[in-house]
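Here the structure comes first, spelled out in structure tokens, and everything after it is commentary.
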There are 2 protein chains.
Amino acid sequence: MDAPPRWLAGEEKAAWDNFIRMQEKLIGRLSRHVQSDSGMSASDYVVLAGLTERGGGRMRLLDLAKLVEWEKSRMSHQVTRMTKRGLLAREECPDDGRGAFIVATPAGYKAIEEAAGHHVEHVRRLFIEALTPSQLKALARISEHVLEHMEKQSD
Amino acid sequence: MDAPPRWLAGEEKAAWDNFIRMQEKLIGRLSRHVQSDSGMSASDYVVLAGLTERGGGRMRLLDLAKLVEWEKSRMSHQVTRMTKRGLLAREECPDDGRGAFIVATPAGYKAIEEAAGHHVEHVRRLFIEALTPSQLKALARISEHVLEHMEKQSD
DNA sequence: ACCAAGTGGTTGACACGTCATCCACACTAG
DNA sequence: CTAGTGTGGATGACGTGTCAACCACTTGGT
């Protein structure tokens with residue numbers, strides 16, 4: 001017979017439930033804010049931020065996907081949509097006939113530059129300000145632990 | 001002239017970045033697990049878990065939506081899809097001509113009962129086990145703080 | 001030179017979430 | 001009773017994410 005599952009209870013359940021509720025509400029609010037004060041989706045924001053801040057505004061599609069930890073097909077779809085909206089453009093890659101460079105258009109630059117300021121303010125207001133410096137530090141370490149723990153496991 | 005945005009840096013940036021990365025990876029893995037070992041989506045799981053554990057298997061649509069903190073239209077769509085898959089059924093409400101009761105079918109009960117055990121194991125393996133009891137406690141309190149802080153603000 | 005395998009990227013089908021709109025019924029004031 | 005307002009819920013359009021299949025090009029072995 002199977003061992004019965006050990007349900008979460010007490011402090012474990014409290015930690016899990018609170019974490020899940022918090023994370024959902026926080027992410028939800030932030031993405032609605034990005035949407036309403038810049039007209040971009042949260043995905044648009046992530047892509048443009050990665051491409052311009054860390055990729056110099058021009059990157060190969062798979063590199064960009066790895067940078068923001070997305071699947072390649074998700075990135076490809078997203079780039080297609082953003083291209084239609086004029087935020088990005090595709091360029092051919094001379095070195096590799098299969099490849100494509102993704103570049104931020106002037107409109108794309110303008111969009112994140114305008115959006116980034118608002119976004120950081122919301123992050124401050126909803127998240128940073130809720131916590132003391134030592135709580136922030138604790139959360140940083142806790143998140144790191146969970147990340148490292150997950151990376152040890154294959155699935 | 002506008003005040004320049006105060007970018008995140010140091011411990012603030014570390015906390016935010018780590019938190020975001022952790023939360024995305026964790027949620028992503030968990031939902032893929034639910035999908036692959038029960039055939040249900042993460043949304044199916046949430047709905048069935050709420051309905052059966054806290055609603056006795058039979059609830060009004062809006063009550064169910066409030067219970068899991070979803071918008072009514074999201075819930076309505078989800079119920080439609082789950083009804084097609086045989087996990088839920090709609091029943092008319094005698095007291096209120098507009099209303100609808102949502103009930104879990106036998107197949108629905110079977111599905112969460114089977115899925116719940118796996119799910120709690122994954123939560124343990126990926127999350128609980130990564131942290132010490134005192135870290136869990138800290139995270140519970142931190143999440144609570146953020147939640148309370150957000151509830152004070154209107155948007 | 002050639003073929004197999006790998007890599008970079010696209011595509012289509014489908015499930016999901018959001019927003020705005022709409023509809024039927026309920027409740028209240030007059 | 002009836003007009004207006006509120007509430008429970010459904011719906012359609014649209015943007016987004018995932019999976020599996022696919023295609024074109026490159027690379028490495030023989």
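To find a chain, count down the sequence lines: A is the first, B the second, and so on, and within it residues start at 1.
Expressed to the nearest 0.5 Å, how far NE2 of B/H77 lies from CE of B/M82 amounts to 15.0 Å.
Relative to the side chain of B/R85, the nucleotides C/dA24, C/dT7, C/dA15 differ in distance, and C/dA15 lies closest.
A salt bridge links B/K25 with A/E69: the distance from a Lys NZ or Arg NE/NH1/NH2 to an Asp or Glu carboxylate oxygen falls below 4.0 Å. We find that B/R81 and B/D44 are not joined by a salt bridge, their nearest charged nitrogen and carboxylate oxygen being 4.0 Å or further apart.
Using cut-offs of 30° and 60° for the angle between ring planes, the A/F19 and B/F19 rings count as perpendicular.
With no hydrogens or angles considered, a side-chain donor-acceptor pair links A/T80 and A/R90 at under 3.5 Å.
Remark on DNA chain C: of its neighbouring residues A/R90 and B/D96, the 5'-side contact belongs to A/R90, judged by nearest-heavy-atom nucleotide.
In this structure, A/D95 atom CG and C/dG8 atom C1' are separated by 13 Å, rounded to whole Å. Going from atom CZ of B/R32 over to atom C1' of C/dA15 covers 16 Å, rounded to whole Å.
Base-pairing analysis of DNA chain D finds the following stems of at least three consecutive Watson-Crick or G-U pairs, with both pairing distances under 3.5 Å: C:1-30 with D:1-30.
A donor and an acceptor atom never sit less than 3.5 Å apart when one is taken from the side chain of A/H77 and the other from the base of C/dG9.
Note that the first and last nucleotides of DNA chain D, 5' to 3', having any atom under 4.0 angstrom from a heavy atom of chain A are D/dG15 to D/dT26.
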